[in-house]
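Just below is one structure, and these are the notes that go with it.
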Amino acid sequence: MTLIFGQRRTGARSPAVRALAAGSVGNFVEWYEFGVYGYFATVIAARFFTPDGGNAAEALVRTYASFGLAFFFRPVGAALFGRLGDRIGRRPVLILVIALMTTATTLIGVLPTYATAGALAPWLLTFLRIVQGLSAGGEFGGAVAVMTEFAPPGRRGLYGSWQSFTVALGLLGGAGVAALLATVLSEGQLGAWGWRVPFLLTLPMGLVALWLRLRLDETPAFRREAAARRPPRRAVAGAIALGAGRVMGWAAAGYTFLVVLPGYLQSTLGASFREALVATVLANLGFAATIVPAGALSDRFGRSPVMLTGALGVVVLSLPLLNLLQGSATSTAAKGAAVCAAGAVVGLMAGPGPAMLAELFPTSVRHTGLGLAYALSNAVFSGCAGLVITEAVRRTGNVDIPAYYAAAACAVSATALAVPTARRANGGRLPSTDVEGARVEEGGR
């Protein structure tokens, strides 16, 4: 690892590597849980949202509504915890949000179902999802700030890409656990108690992440510039809007292909639970494979060109790839290649994305700004993906809806990525996302 990240000291002694580990493990836990909830959407729907005789399709829509509600609380968490992170430091906030996420996720694993608690069950689940949304909103900004502010000169894209890479690992971990349980347990066992296991596994993982964050140092940039004058609010708001537009495609396509896919394959294309999970694992493998290389490429060629390649790739390829999955004559190998390719194209946006967002904001507002840009985009285009796609397919009967959804969002992102980053005056100058601008800003993180 020390050779990969250009550290001369041992990994155990390097603050940059410690920051990378602390941020990465927390991200893994956060996104492992979000993935598990998506993968078990149909099981959760049956246990929490379907009274006796209820409609399964409507229950799935309500499950995704609960999923989306947590995303809409992420901007609240980004604003709340981001403001704390910009005032008291990145470290204490990262400790707090991982403790909240671990507690809420573990409690989901012991919740009573509808059969036991009646109408109270979905309300309890929704409350815990809100707590998760708040903590996840504070997680992204803090983790990316720590990773990029500790990054060596010229490697901010590479270091920031590990945020996205551990998201992929978390989604893969959730899919792997779900697939294993679906293999070793019967359908009855999975529905009765097996679905609880992935949520309970969050407890030991969260404790490891908490231990790593307790050993984390505060970032040099925050210690140096915490008292710096904040840029004008209009400049920050503009950067938030631009950042949200740039990651819109990443948010929409990522959740369409990496999280919503299992429910779509089961409810729309008639795939089994195991088949859907295998497809999701392949999509996430493709996603993970391109993230870190894309981040490294962005250090050399700039953030926007690499992300633009990914956004345009989704626009062009999403419908043909989805049609391959729909074709009854399509071989299993071709379907596997299709979902893997879909994930890989999303990875081109996810790799440079964290560094791009970090470079939009000065240190004094970075935790809040990049957290809000990411959370707002995800609240609308990730959190609503399952609800919009499932309901639109149900109402229209058009099985191509997922492709249209991802392609439309990526078209908007491509437009935002083509807009040059503004440079503000009066202490509010925002760093450029091109290679030269990133290098200039290294000394003033």
Side-chain angles (χ1 to χ4, degrees), residues 20-41 67 70-71 74 77 94 97-106 108-109 129 132-133 135-144 146-147 159-181 195 197-210 212-213 247 250-251 253-262 277 279-292 295 343-344 346-347 349-351 353-354 374-375 378 382-383 385-386:
L20 200 65
S24 296
V25 173
N27 277 313
F28 177 90
V29 174
E30 298 268 6
W31 292 97
Y32 163 86
E33 187 283 327
F34 270 89
V36 163
Y37 190 91
Y39 304 144
F40 281 97
F67 187 80
F71 272 86
R74 289 176 66 174
L94 285 176
V97 295
I98 195 62
L100 283 174
M101 174 61 85
T102 301
T103 301
T105 305
T106 303
I108 288 178
R129 292 292 298 163
Q132 290 174 321
S135 63
E139 168 68 27
F140 181 85
V144 172
V146 163
M147 290 176 176
Y159 270 65
S161 70
W162 275 77
Q163 191 282 334
S164 298
F165 183 64
T166 48
V167 168
L169 292 183
L171 294 174
L172 273 171
V177 170
L180 177 63
L181 290 171
W195 66 269
V197 174
F199 294 99
L200 295 175
L201 288 176
T202 306
L203 180 59
M205 292 189 292
L207 291 176
V208 171
L210 183 62
L212 286 171
R213 290 184 172 183
V247 300
W250 168 19
Y255 268 78
T256 297
F257 297 136
L258 305 176
V259 177
V260 178
L261 187 64
L277 285 175
T280 305
V281 168
L282 290 174
N284 278 281
L285 283 173
F287 179 57
T290 58
I291 290 173
V292 174
V346 177
M349 293 182 283
Y374 183 79
N378 274 266
S382 291

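Keep in mind it's a predicted model, so treat the numbers as computed, not measured.
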### Message
Determine whether a donor-acceptor pair (N or O, by modelled atom type, separation under 3.5 Å) exists between the side chain of Thr102 and the backbone of Ala99.
### Response
no
## Note on the structure
Tested for side chain to side chain contact (heavy atoms under 4.5 Å, CB included) against Thr202, the lone hit among Thr105, Leu207, Thr103, Ile108 is Thr105
### Check against side-chain contact (heavy atoms from CB on, under 4.5 Å), Phe199 and Thr106
CA-CA 6 Å; Phe199 294 99; Thr106 303; over 6 Å; no
### Query
Atom CG in Leu20, atom CG in Asn27: separation rounded to 0.5 Å?
10.0 Å
### Ser24 to Thr166 - nearest heavy-atom pair and separation
CB-CG2, 3.3 Å
### Task
Looking only at non-hydrogen atoms, find the nearest pair between Ser135 and Glu30 and report the distance.
O-OE2, 3.9 Å
## Note on the structure
Closest non-hydrogen contact found for Gly347 with Thr290 is CA-OG1, 3.2 Å
### Summary
In terms of heavy-atom contacts, Ile291 and Ala350 come closest through CG1-CB, 4.4 Å
### Query
Which atom pair, heavy atoms only, marks the closest approach of Leu201 to Val177?
CD1-CG1, 4.2 Å
### Message
Can you confirm whether Glu139 sits close enough to Met101 that some side-chain heavy atom of one is under 4.5 Å from a side-chain heavy atom of the other?
### Response
no
### Task
Assign the ring pair Phe28 / Tyr32 to parallel, tilted or perpendicular, where the plane angle (0 to 90°) is split at 30° and 60°.
parallel
## Note on the structure
Closest heavy-atom pair, Leu172 versus Ala288, reported as atoms and distance to 0.1 Å, is CD1-CB, 4.2 Å
### Message
Treating Ser161 as the side-chain partner and Gly295 as the backbone partner, does any N or O pair qualify as donor plus acceptor under 3.5 Å?
### Response
no
### Task
Let me see the working for Trp250 and Tyr255 under ring-ring contact (aromatic ring centres under 6.0 Å, His included), right down to the final yes or no.
CA-CA 8 Å; Trp250 168 19; Tyr255 268 78; over 10 Å; no
### Message
Under the rule for salt bridge (charged side-chain N to carboxylate O under 4.0 Å, His left out), what residues qualify as partners of Arg74, not counting sequence neighbours?
### Response
none
### Task
For the residue pair Val247 and Met349, establish whether any side-chain heavy-atom pair is separated by less than 4.5 Å.
no
### Message
Show, in sequence, the C-alpha distance, side-chain angles and deciding distance for Thr280 and Leu258, and conclude whether the side-chain contact (heavy atoms from CB on, under 4.5 Å) test is met.
### Response
CA-CA 6 Å; Thr280 305; Leu258 305 176; 5.7 Å; no
#### Entry: Arg129 vs Glu33, side-chain contact (heavy atoms from CB on, under 4.5 Å): CA-CA, chis, key distance, verdict
CA-CA 10 Å; Arg129 292 292 298 163; Glu33 187 283 327; 3.1 Å; yes
### Message
Run the ring pair (Phe, Tyr, Trp, His ring centres under 6.0 Å) test against Phe257 and tell me which residues pass, sequence neighbours left out.
### Response
none
